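Below is one structure, written out as C-alpha cells; comments come after it.
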Amino acid sequence: MPIAAATIDPTKGPKVNVALIQIQAGKEGGKQDQIKRMRELVLQAVKEGNDKNEPVHLIVLPEMWNGSTLHDELIANAEPVPEPGQAPSEWSSKSETVRALADAAIESKVWIIGGSIPEQGAERLYNTATVYSPEGALIAKYRKTHLFDLCLPKMTYKESDTFAPGDHLTTFDTPFGRFGLAICYDLRFAEIAILASRKGCTAVFYPAAFNTHTGPLHWELLQRGRALDNQIYVATCSCARDETAKYVIYGHSMAVSPMGKVIATAETEEKIVYATFDPQHIADTRAGIPLLTQRRFDLYPDILAVAEGNAQ
Ligand SMILES: NC(=O)CCC(=O)C(=O)O
C-alpha cells in the first residue's frame, strides 16, 4: 500500500544549523563527569555558532555518551526516562541525565537530541534516545528497535544481552521541520529512512557508536545511501574514539546532503561538527532527479508477504 504523502514539506522553510557533538565517552570520571562535559560542549557549540553568525538550532549527542559500552556499566548507568509530555516535576529523581539534558536545552536555548542512554524500563533496559525543546520539554523518546548483535571473525557483540528492543519508530516536529530519529545499527535498516522521508522529514539523525571493524567500509556508505535514496539529509553523531577501550568506537560523526555528499565530518577525536540543512537543496535535488514522484508503488508488493512466502 502506498505510504501516505507527507503533510509537512521539507523543501520549504528556514535553513537549519546543526551541531554534532562527538564527545569522548567511557572515561574514568563516569556519569557525573560525562554530564558536566556534555554541558560544556553544548555551550561551546552555541557560542561558536553565534560567533560565526550561524546560530545553532539543533544539537545532537551520540549513542551511550554518559558512560562506557561495557555491559556492567550500562546497567549501573541506567535511569528511568519519562514519557514525552510528562511534566519535569513528575520526572524521577533518578533521571539525572534526562534532567541535565533538559537543563542544557534551557540554558543554551536550542533543541537537543540527547543521544542515547541506558533506560531502566519497568522490566527491561532499553537503549533510548530523547529530544528536548529549548524550553526543556521532553518532546520525543525512541527506544532502539534493531539491536546490535554481530558475530564477525574479529569481533562479536550482543547488545540483546543488555537491552530489549523498542517497538515503534519515531519522528518529531520542530519550528524548522520534521525529523526522524534512530540509533546506530538502525542505520543498516533502510526502511526507517524511507518512512521518515515519506512522512516529510528533512533529515534522519542517528546517534551512534559504530565499531572499527565495519566502520571503514560501511559507516559512510550507509549514510550516503540512506540520504541519496530518500533525498533527505542524514546525520550521525558518534562518540570519540578510545583506542584502549574494549569496544573501540569508530568516530567520524558526519552529515550527508540529499545528493549523497558528505558536507561535514570529524576524524576520531573529540570534536563538534557543524552542518547546515537547506530546504532549497532538497527541492533542487528532487526537481532534478524526481525519485519521489516516479516511485512505482504498483510494482512493489507487500515485503512482509514476500518474506513469509505469501507473495511473489
Ligand atoms: N552501536 C551499534 O549499534 C554499532 C553498530 C555497528 O557498529 C555496525 O557495524 O552496525
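Side chains included, hydrogens not; waters and symmetry mates left out as well; all remaining heavy atoms used. Numbering of ligands and ligand atoms starts at 1, following listing order. Note that the structure is predicted; figures quoted are calculated from it, not measured.
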*Can you tell which part of E63 has a heavy atom less than 4.0 Å from ligand 1: side chain, backbone, both or neither?*
side chain
*Just going by heavy-atom distances, which of P207, C184, A208 is nearest to atom 2 (C) of ligand 1?*
C184
*Identify whether NZ of Lys or CZ of Arg in K141 sits under 6.0 Å from the centre of the six-membered ring of F172 and within 45° of that ring's axis.*
no
*Looking just at side-chain N and O atoms, do S116 and E63 make a donor-acceptor pair shorter than 3.5 Å?*
no
_Test applied, side-chain contact (heavy atoms from CB on, under 4.5 Å); reference residue, I183; option that passes from H146, M64, K144, R143_ = K144
_Aromatic ring proximity F176/H57, centre distance under 6.0 Å_ = yes
*Under a 4.0 Å heavy-atom limit, does K144 contact ligand 1 with its side chain, its backbone, both, or neither?*
side chain
*With a 4.0 Å heavy-atom cut-off (strictly under), which part of F148 contacts ligand 1: side chain, backbone, both or neither?*
side chain
*Just wondering, are more than 12 heavy atoms of other shown residues or ligands nearer than 6.0 Å to CZ in R99?*
yes
_So that I know where these two stand, are Y126 and F163 an aromatic pair - ring centroids less than 6.0 Å apart?_
no
_Heavy atoms only, cut-off 4.0 Å: how does T214 contact ligand 1, side chain, backbone, both, or neither?_
side chain
_Within-cut-off N or O pair, Y185 and ligand 1, under 3.5 Å_ = yes
*Does Y247 approach ligand 1 within less than 4.0 angstrom via side chain, backbone, both or neither, non-hydrogen atoms only?*
side chain
